[in-house]
Amino acid sequence: MCGKFQLIHKRLFLTLVLVLSCLAYLPHTSADDENGITVIGTGVVEAKPSVVELTGLVLGQGQLAGDAVTKYHGNRRRAEEAFKNLKIPGLVIVEEGMSLYSSLNASQMQAMMRGMPVNNTQSQQLSVSETLKLRLTGIDKMSSEELLEIIVRIVDAGKDAGVIIGNDTTPMVPGTYNASKARNTMAAFKIQNVEVLKNKAYAKALEDARAQAETLAKLAGSKLGKVVAINAVDPNQKSSDSSSRVLAQYLAVLGMRVGESEEQASALFKAIPVSAVVRVTYAIE
């Protein structure tokens with residue numbers, strides 16, 4: 001009898017779990033939603049990049065700190081002269097900061113790779129480095145061929161002056177392969193005035209939301225009323241809304257970085273989309 005009671009109790013428990021699971025997937029309806037229509041509107045505005053940035057690394061190395069600093073100053077002077085002699089309109093050099101560090105020499109590195117103790121009494125390579133941003137504006141007025149020619153001139157001039165152009169592809173351990181450093185991204189293409197473009201995208205998103213709401217109201221035999229509530233939705237946030245997920249995936253495929261700054265970057269020289277998503281609730285009459 002006790003076993004039969006336990007079986008009935010178990011079945012009731014499983015039924016309750018199933019009911020609660022189904023309720024969890026039902027759409028959430030607020031008090032405002034009961035007398036209104038809530039829709040998600042999306043808007044996208046595209047703009048051609050107007051800025052291209054290349055990252056350059058000026059490096060000075062030596063066994064003595066004085067030698068490293070002397071080499072750094074010489075390489076820095078040659079790099080500045082090389083880029084200045086190009087006489088490219090709109091090209092400026094932005095200093096990103098200098099760093100000093102030491103690294104293991106070849107014998108110390110080999111000992112570390114073999115699991116042997118590293119002799120720290122041996123001299124280490126001292127380095128002085130500075131990251132430079134080579135920033136060129138006005139590229140939205142150039143063709144792809146013109147821009148490519150200018151970038152090639154900048155890269156060649158930098159290499160001739162000893163500047164490392166692009167991200168650092170040197171492996172952390174010599175002789176090893178690092179997949180994250182296998183591809184050297186040479187340039188970042190940027191659009192400016194993102195806030196202005198964002199406002200235009202919001203306007204399109206509101207138009208999209210109203211069109212959806214009017215269609216639903218018409219199908220329901222009602223008339224669309226005033227806006228009851230409106231919220232901006234971050235397209236990159238983790239959300240249950242399929243439209244937000246799709247838009248976030250779309251931005252990720254483009255390799256775009258979206259932030260709060262006035263610029264937005266892409267690895268591709270093509271029109272960059274700026275998106276906006278809104279959730280709007282309309283009253284129905």
Side-chain angles (χ1 to χ4, degrees), residues 21-53 137-144 187-285:
S21 301
C22 293
L23 290 176
Y25 285 95
L26 291 177
H28 174 72
T29 304
S30 63
D32 292 335
D33 294 339
E34 292 178 358
N35 298 316
I37 299 176
T38 300
V39 292
I40 300 291
T42 59
V44 179
V45 176
E46 293 186 343
K48 187 177 180 180
S50 59
V51 178
V52 62
E53 280 188 357
T137 58
I139 66 171
D140 52 322
K141 301 177 179 63
M142 303 178 187
S143 65
S144 300
F189 304 97
K190 297 184 174 183
I191 55 175
Q192 298 174 298
N193 301 320
V194 175
E195 185 176 354
V196 175
L197 297 171
K198 191 79 171 180
N199 290 337
K200 293 181 179 180
Y202 273 127
K204 286 193 172 185
L206 289 172
E207 292 177 1
D208 178 46
R210 186 165 190 86
Q212 294 182 55
E214 287 177 344
T215 300
L216 292 174
K218 185 177 179 180
L219 291 173
S222 304
K223 184 179 179 181
L224 194 66
K226 65 179 182 179
V227 174
V228 175
I230 180 171
N231 300 99
V233 180
D234 183 2
N236 296 315
Q237 73 180 3
K238 293 181 179 180
S239 170
S240 59
D241 295 325
S242 60
S243 59
S244 297
R245 292 201 308 271
V246 171
L247 192 55
Q249 293 170 0
Y250 172 64
L251 296 175
V253 168
L254 293 177
M256 295 171 50
R257 299 189 299 273
V258 182
E260 297 298 328
S261 66
E262 278 296 304
E263 296 183 342
Q264 184 168 303
S266 172
L268 305 176
F269 181 53
K270 60 182 296 186
I272 299 177
V274 177
S275 62
V277 182
V278 293
R279 178 184 288 107
V280 187
T281 299
Y282 295 91
I284 52 176
E285 301 173 355

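Keep in mind the model is a prediction, meaning the values are calculated, not measured.
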query = Quick one: salt bridge (Lys or Arg N to Asp or Glu O under 4.0 Å) pairs with a partner in residues 216-230, sequence neighbours left out?
reply =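 Applying salt bridge (Lys or Arg N to Asp or Glu O under 4.0 Å) to every pair that reaches into residues 216-230, excluding sequence neighbours, yields nothing.
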State which residues pass side chain to side chain contact (heavy atoms under 4.5 Å, CB included) with [X]; sequence neighbours excluded, sorted by chain then number.
X	answer
A217	I37, L224
N193	V196, E262
T215	L219

ask   = How far does OG of S50 sit from CG of D140, to the nearest 0.5 angstrom?
value =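 Rounded to the nearest 0.5 Å, the OG-CG separation comes to 5.0 Å.
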query = At what distance, to the nearest 0.5 angstrom, does CG of L216 lie from OH of Y282?
reply =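 If I round to the nearest 0.5 Å, the distance is 11.0 Å.
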Please name the pair of heavy atoms, one in [X] and one in [Y], separated by the smallest distance, quoted to 0.1 Å.
X	Y	result
Q264	I272	NE2-CG2, 3.6 Å
P273	V44	CB-CG1, 3.5 Å
V274	A201	O-CB, 3.6 Å
K198	S275	NZ-O, 2.7 Å
A283	V228	N-CG2, 3.5 Å

query = Has the side chain of K48 got a donor or acceptor atom that lies under 3.5 Å from a matching backbone atom of K270?
reply =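 No; judged by distance alone, with no hydrogens or angles, the pair does not exist.
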request  = Could you go through the side chain to side chain contact (heavy atoms under 4.5 Å, CB included) check for V280 and T38 one step at a time?
outcome  = CA-CA 6 Å; V280 187; T38 300; over 6 Å; no
Would you be so kind as to tabulate the donor-acceptor pairs closer than 3.5 Å made by side chains of residues 203-213, with sequence neighbours excluded?
unit_1 : atom_1 : unit_2 : atom_2 : d
D208   : OD2    : T42    : N      : 3.0
D208   : OD2    : Q212   : NE2    : 3.1
R210   : NE     : E214   : OE2    : 3.3
Q212   : NE2    : I40    : O      : 2.8

query = Do K190 and P49 touch side chain to side chain, with heavy atoms closer than 4.5 Å?
reply =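 A side-chain contact is absent here, since even the closest heavy-atom pair is not under 4.5 Å.
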query = Side chains of I191 and L197: closer than 4.5 Å at any heavy-atom pair?
reply =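 Yes, their side chains come closer than 4.5 Å.
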request  = Could you list all the ring pair (Phe, Tyr, Trp, His ring centres under 6.0 Å) pairs where at least one residue sits in residues 188-224, not counting sequence neighbours?
outcome  =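 Residue pairs passing ring pair (Phe, Tyr, Trp, His ring centres under 6.0 Å), neighbours aside: F189-F269.
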task = Quick one: do Q192 and V51 satisfy side chain to side chain contact (heavy atoms under 4.5 Å, CB included)? Show the steps, please.
result = CA-CA 8 Å; Q192 298 174 298; V51 178; 3.6 Å; yes
